[in-house]
Amino acid sequence: MQYWLMKSEPDVFSIDDLKRVKVEPWDGIRNYQARNFMRDDMRTGDQVFFYHSNCDVPGIVGIMKVASKPYADPTAFDPKSNYFDPKSDPDNPRWMLVDVRYVKKFKRTISLAELREDPVLEGMRLLMRGNRLSVMPVEKAHWDHILSLV
DNA sequence: GCCAACGTTGGC
DNA sequence: GCCAACGTTGGC
């Protein structure tokens, strides 16, 4: 079992949206490091923190789990999509994704500010300077500690 | 809206 | 391969 964190702007796709649809392809990731985590390292059943970015109170809002093997991101092939990438070849897709399934929404948001103040979480990738990665691993010790804050 | 940090592109 | 220019992310 591995643990992850994935970011989404709630104006685009929030944990309430995921709760409604239950399962969602995590499309639109256009960063190689993030793609590599999804393509090479994620396993069905891995647990994932849902993080809201670019909003009033950025932070962790709930849990989902990986619900598929990696497959080609279909939005890369759709000229009408914001995520269209003409350089992604259907025979050798550049962008891969996994489906995620809703598990739970926390009763409260564990805010970025709160995470930053917590000495136990020192060194957590999310909190490193200038971090912009939207898909990243979470250490089990950090995962367990964050759950204890909810 | 601002801007620091970072990733990508493309000329050379 | 270097690096300047540019585009994006995302907190504040």
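Here is how names work: the chains are called A, B, and so on, in the same order as the sequence lines, proteins then strands, and each is numbered from 1. Hydrogens, waters and symmetry mates are skipped; everything else that's a heavy atom, side chains included, is used.
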Peer 1: If I take atom CZ in residue A:R35 and atom P in nucleotide B:dG7, what distance separates them, rounded to the nearest angstrom?
Peer 2: 15 Å
Peer 1: Which one, C:dG10, C:dG11, B:dG7, comes nearest to the side chain of A:S134?
Peer 2: C:dG10
Peer 1: Take A:Q33 and A:N54, find for each the nucleotide of DNA chain B with the closest heavy atom, and name the residue whose nucleotide sits nearer the 5' end.
Peer 2: A:N54
Peer 1: A:N131 CG to C:dG11 C1': how many Å, rounded?
Peer 2: 12 Å
Peer 1: Take atom CG of A:L133 and atom P of B:dA5, then tell me their distance rounded to the nearest Å.
Peer 2: 17 Å
Peer 1: Are more than 12 heavy atoms from other residues, nucleotides or ligands located less than 6.0 Å from atom NZ of A:K22?
Peer 2: yes
Peer 1: Just how far, in rounded Å, is P of C:dG11 from CG of A:L115?
Peer 2: 11 Å
Peer 1: Taking NZ, NE, NH1 and NH2 as the nitrogens, is one of them in A:R94 or A:D85 under 4.0 Å from a carboxylate oxygen of the other?
Peer 2: yes
Peer 1: When all nucleic acid strands are considered with a 4.0 Å heavy-atom cut-off, which category describes A:R30: base, sugar-phosphate, or nothing?
Peer 2: nothing
Peer 1: When you measure from the side chain of A:R132, which nucleotide among C:dG11, C:dG7, B:dT8 comes out closest?
Peer 2: C:dG7
Peer 1: Grab the CH2-C1' distance between A:W95 and B:dG7 for me, whole Å please.
Peer 2: 10 Å
Peer 1: So, A:D99 and A:K69, do they make that salt bridge, N to O below 4.0 Å?
Peer 2: no
Peer 1: Could you tell me whether A:M128 atom CE has more than 12 heavy atoms of other residues or ligands within 6.0 Å of it?
Peer 2: no
Peer 1: Considering just the side-chain nitrogens and oxygens of A:Y32, establish if one lies under 4.0 Å of OP1 or OP2 belonging to B:dC6.
Peer 2: no
Peer 1: Considering only side-chain heavy atoms of A:K7, which listed nucleotide, C:dC12, B:dA5, C:dG10, is closest?
Peer 2: C:dG10
Peer 1: Run the ring-centre check on A:W4 versus A:F49 and record whether the distance is less than 6.0 Å.
Peer 2: no
Peer 1: Check the distance between C:dG10's P and A:M6's CE and give it to me in whole angstrom.
Peer 2: 13 Å
Peer 1: Roughly, in whole Å, what's the span from CZ in A:R94 to P in B:dG7?
Peer 2: 17 Å
Peer 1: Mind calculating the distance between CG (A:L5) and C1' (C:dG10) to the nearest angstrom?
Peer 2: 14 Å
